[in-house]
Amino acid sequence: MALDQELVGRSYPPSAVYEVGRGKIAEFAAAIGAADPVHRDADAARAAGYADVIAPPTFAIVLTLEAANVVLDDPQVSLDYSRVVHGEQRFTHHRPIRAGDRLVATTTIEAVRSVAGNDMLTTRVDVATEDGEDVCSATSMLVARGAA
Amino acid sequence: MSRLSVADVEVGTELPERVFPVTRADLVRYAGASGDFNPIHWNERVATEVGLPGVIAHGMFTMALASRVVTDWAGDPGALVEYHVRFGRPVLVPDDGVGGEVTVRGRVAALLDGDRARVDLTVTSRGDKVLSLARAIVALA
């Protein structure tokens, strides 16, 4: 089923606050094999110029994946989730996410397209501190493959 | 480590190639760390039911492995300011005691204003290209 062009620009209420913990950053860094001490040693992070341990560049997915579910839960977004694959991903960082950040994610539908029977939905999740400092944006393009 | 200087980089500079083995245990660990528990990344039955040849790696896991080539080269994980990939073929991770692999090569494609460089990545698994338009913008010292 084709997605309605009127969905473009639709924005959803901000997520609950996600508090970034040192332990979660260390766990994520270990899972991707990132050995740099700035992910797990606050002194090393400070020596590199950061206020606390910093997250790897793709860590934001931990909160943006969850935040973007608000789109799939929208009854006006008729995307067959069982046929969805991740088509593209972009991260734009204003600064690294760091331990102690209290982050809020706001999701916007950036584009909808239909190509060759496949529906493509692009969402952008803007991540900021609860005080309003922009931290990063994560843009995801999902493809719902048409029934063959 | 300290951040790489723009003086040490030119268009055409090659990043050290890396080969990452990927096992089922790696995928389970990544599922837990990221919160993406889609069973196609750990359950053979579900993966084959949806038409895949077998369990595949999370695209985001492959994207994260490729980022390490850039951040290790740059000397600072905070140097990667923009990062984009398009997911192409999946990375198959068989449960055969060996698993799958991801090979990452990178090359400086352009020097940008503000002491930044664009790195273009070539990411393959068993010879197949698994990411395309994989590009990172790195802020240099």
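Proteins come first, then strands; the chains are lettered A, B, ... in the order of their sequence lines, and each starts at number 1.
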**Report entry** Interchain contact, B:Asn38 with chain A, by part (heavy-atom threshold 4.5 Å)
**Finding:** neither
Report summary line: When the 4.5 angstrom heavy-atom criterion is applied to B:Phe61 and chain A, the contacting part is side chain
Query raised in the report: Which one of B:Gly59, B:Ser67, B:Gly88, B:Ala64 has the most heavy-atom pairs closer than 4.5 Å to chain A?
Result: B:Ala64
Query raised in the report: Just wondering, more than 12 heavy atoms not from B:Arg24 lying within 6.0 Å of its CZ?
Result: yes
Query raised in the report: Among B:Leu27, B:Val70, B:Leu80, B:Val85, who wins on heavy-atom pairs under 4.5 Å with chain A?
Result: B:Val85
Report task. Name the region of A:Tyr50, side chain, backbone, both or neither, that has any atom closer than 4.5 Å to a heavy atom of chain B. Result -> side chain
**Report entry** Options A:Pro96, A:Ala34, A:Gly33, A:Pro56, ranked by heavy-atom pairs under 4.5 Å with chain B, top entry
**Finding:** A:Gly33
Query raised in the report: Closest approach of A:Ile54 and B:Gly78, non-hydrogen atoms and distance?
Result: CD1-N, 3.7 Å
**Report entry** Side chain, backbone, both or neither of A:Ala47 within contact of chain B (heavy atoms, under 4.5 Å)
**Finding:** neither
Report task. Counting only heavy atoms closer than 4.5 Å, note whether A:Val38 contacts chain B via side chain, backbone, both or neither. Result -> side chain
Query raised in the report: When you check the side-chain N and O atoms of B:Glu82 and A:His93, is any donor under 3.5 Å from an acceptor?
Result: no
Query - Region of A:His94 that comes under 4.5 Å of a non-hydrogen atom in chain B - result: neither
Query raised in the report: Please walk me through it: do A:Gln89 and B:Phe87 pass side-chain contact (heavy atoms from CB on, under 4.5 Å)?
Result: CA-CA 8 Å; A:Gln89 181 67 38; B:Phe87 300 105; 3.9 Å; yes
Query raised in the report: Is a side-chain donor or acceptor of B:Arg68 paired with a backbone partner of A:Ile32 at a separation under 3.5 angstrom?
Result: yes
